[in-house]
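Each remark here refers to the structure printed beneath this line.
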Amino acid sequence: MILSDRYRFVFIHIPKCAGTSVRAAVLPYHDADLRFLKTVERHPDLGEIDFRHLPLALLRDLDPEAFEKLKTYAGYAILRDPFQRFRSAVSQRTKMYLGKEFAQLSQADIDTEIDRVITYLQSEPRVIAPEFIHFARQLDFVQLEGERLVHNLYPVERLDLLVAALSQKIGVGALEIGHANKTKVLRHPQLKHVLYKGSAIARRVLPATMYEGLRVSARRMLMKSNDTAQPSDFGGKPVRDFIQSHYADDIAMHKEILAKMAT
């Protein structure tokens with residue numbers, strides 16, 4: 001979360017909604033508690049908490065002063081199609097906790113991780129653990145107890161409108177928004193096994209710095225962003241049914257904001 005007392009705005013960073021790019025652009029205007037910039041911090045009662053991604057109920061409990069500012073300052077957030085977001089969150093999880101790009105995983109690996117995520121979410125934890133925060137409902141970051149508290153909502157498809165609104169709020173010409181944390185897939189999927197076998201051999205025989213340089217160069221040449229996944233592209237019917245049910249409010253909210261932008 002980025003909170004600016006000087007400019008009286010709050011940017012709520014909903015995970016896996018292109019928020020990393022926007023967060024980096026507005027970071028220089030953050031002048032509130034530095035805890036909101038930390039990845040993970042242990043709370044004596046609630047355990048580990050990702051302070052960059054705080055659902056509103058948690059923000060209210062952890063920092064009532066910041067929560068009150070949220071209710072009076074201009075609040076901004078980005079929303080994303082929940083089906084695409086779920087796929088992106090799985091990709092992020094495998095990168096962070098399995099140490100593998102999504103393209104490296106077998107279907108069995110993917111199914112195992114999806115089952116682990118769904119089982120955890122169905123347990124309805126009071127506080128979502130940092131390793132699952134990318135799967136938190138989007139609604140929980142903008143609404144609390146039925147009241148919409150963050151009013152400036154933009155679909156990721158209209159990031160340009162958010163950039164314009166924030167630029168005007170801050171009083172700058174135009175914020176520089178890059179791209180970060182995109183799901184990567186191979187340009188030539190048929191070469192998957194050959195490429196990753198070669199990578200494993202290179203890791204064993206090359207010095208670490210040489211291997212890392214080679215890996216980064218190969219990744220740039222051989223992989224591409226994949227942000228066009230549709231519900232039918234991922235997970236099969238049981239997974240789609242889970243998303244449809246668990247994220248029903250997110251689906252409705254995303255459609256609402258898309259329709260609003262269209263008019």
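We use all heavy atoms of the structure for the numbers below, so side chains are in, but hydrogens, waters and symmetry mates are not.
Considering only residues two or more places apart in sequence or on other chains, E131 meets the side chain to side chain donor-acceptor pair (under 3.5 Å) condition with R93. For N152, the side chain to side chain contact (heavy atoms under 4.5 Å, CB included) test picks out A74, Y76, Y154, with sequence neighbours left out. The side chain to side chain contact (heavy atoms under 4.5 Å, CB included) test applied to E65 returns D63, K69, not counting sequence neighbours. Residues passing the side chain to side chain donor-acceptor pair (under 3.5 Å) test with E48, sequence neighbours excluded: none. For the ring pair (Phe, Tyr, Trp, His ring centres under 6.0 Å) test, residues two or more places apart in sequence or in another chain that qualify with F86 are F135. Residues that satisfy the side chain to side chain donor-acceptor pair (under 3.5 Å) test with K255, not counting sequence neighbours, are absent from this structure. Among residues two or more places apart in sequence or in another chain, the side chain to side chain donor-acceptor pair (under 3.5 Å) test is passed with R60 by E145. Here P125 pairs with Y120, S123, I128 under the side chain to side chain contact (heavy atoms under 4.5 Å, CB included) rule; sequence neighbours left out. E157 pairs by the side chain to side chain contact (heavy atoms under 4.5 Å, CB included) definition with P155, H254, L258, not counting sequence neighbours.
Put simply, CZ on R23 and CD1 on I78 are 12.5 Å apart, with the number rounded to the nearest 0.5 Å. Here L79 contributes atom CG and E256 contributes atom CD; the two are 9.0 Å apart, rounded to the nearest 0.5 Å. Expressed to the nearest 0.5 Å, how far CD1 of I114 lies from CD1 of I243 amounts to 8.0 Å. The NZ atom of K237 sits 10.0 Å away from atom CD of Q244, with the distance rounded to the nearest 0.5 Å. Here the CG atom belonging to L162 is positioned 11.0 Å from the OG atom belonging to S21, to the nearest 0.5 angstrom. Distance check, rounded to the nearest 0.5 Å: CG of D250 to CG of D81 gives 10.0 Å.
Considering every non-hydrogen atom in both V163 and S167, the closest pair reads O-OG, 2.7 Å. Among all heavy-atom pairs drawn from R116 and F132, the shortest one is O-CE2, 4.2 Å. For A77 against I14, the heavy-atom pair with the smallest separation is CB-CD1, 4.0 Å. Closest approach of I133 to P15, counting heavy atoms only: O-CG, 3.3 Å. What you find for Y247 and P82 is that their closest heavy atoms are CB-CB, 4.0 Å. The two residues D50 and P130 come nearest to each other via the heavy atoms N-CG, 4.0 Å.
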Criterion side chain to side chain contact (heavy atoms under 4.5 Å, CB included) on T94 and D109, from CA distance to verdict: CA-CA 9 Å; T94 60; D109 292 332; over 6 Å; no
Side chain to side chain contact (heavy atoms under 4.5 Å, CB included) assessment of R8 paired with T72: CA-CA 8 Å; R8 296 179 63 84; T72 58; 4.3 Å; yes
Derivation of the side chain to side chain contact (heavy atoms under 4.5 Å, CB included) call for L159 and V22: CA-CA 9 Å; L159 195 60; V22 177; 3.8 Å; yes
H13 and I2: CA distance, side-chain angles, deciding distance, side chain to side chain contact (heavy atoms under 4.5 Å, CB included) verdict: CA-CA 8 Å; H13 186 178; I2 301 296; over 6 Å; no
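No donor-acceptor distance shorter than 3.5 angstrom exists from the side chain of D61 to the backbone of L58, with no hydrogens or angles considered. Between the side chain of T119 and the backbone N or O of D115 there is at least one donor-acceptor pair closer than 3.5 Å.
There is no path of hydrophobic side-chain contacts, each under 4.5 Å, that joins F36 to V40. Criterion: ILVMFWY side-chain heavy atoms under 4.5 Å apart, direct or through other members. Under it, F51 and L37 are part of a common hydrophobic cluster.
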Please tabulate, for the side chains in residues 27-34, all donor-acceptor contacts under 3.5 angstrom to protein atoms that are two or more places apart in sequence or on a different chain.
from	atom 1	to	atom 2	distance (Å)
H30	ND1	L3	N	3.0
H30	ND1	L3	O	3.4
H30	NE2	A32	O	3.3
H30	NE2	D33	O	3.1
D31	OD1	D5	N	2.6
D31	OD2	R6	N	3.2
D33	OD1	R35	N	2.8

Distance-only donor-acceptor pairs under 3.5 Å for side chains of residues 136-143, two or more places apart:
from	atom 1	to	atom 2	distance (Å)
R137	NE	H246	O	2.8
R137	NH2	E124	OE2	3.4
R137	NH2	H246	ND1	3.1
Q138	OE1	R80	N	2.9
Q138	NE2	R80	O	2.9
Q143	OE1	R148	NE	3.3

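At least one side-chain heavy atom of F9 sits under 4.5 Å from a side-chain heavy atom of V26.
The other residues sharing a hydrophobic cluster with M96 are Y97, where clustering joins ILVMFWY side chains under 4.5 Å apart.
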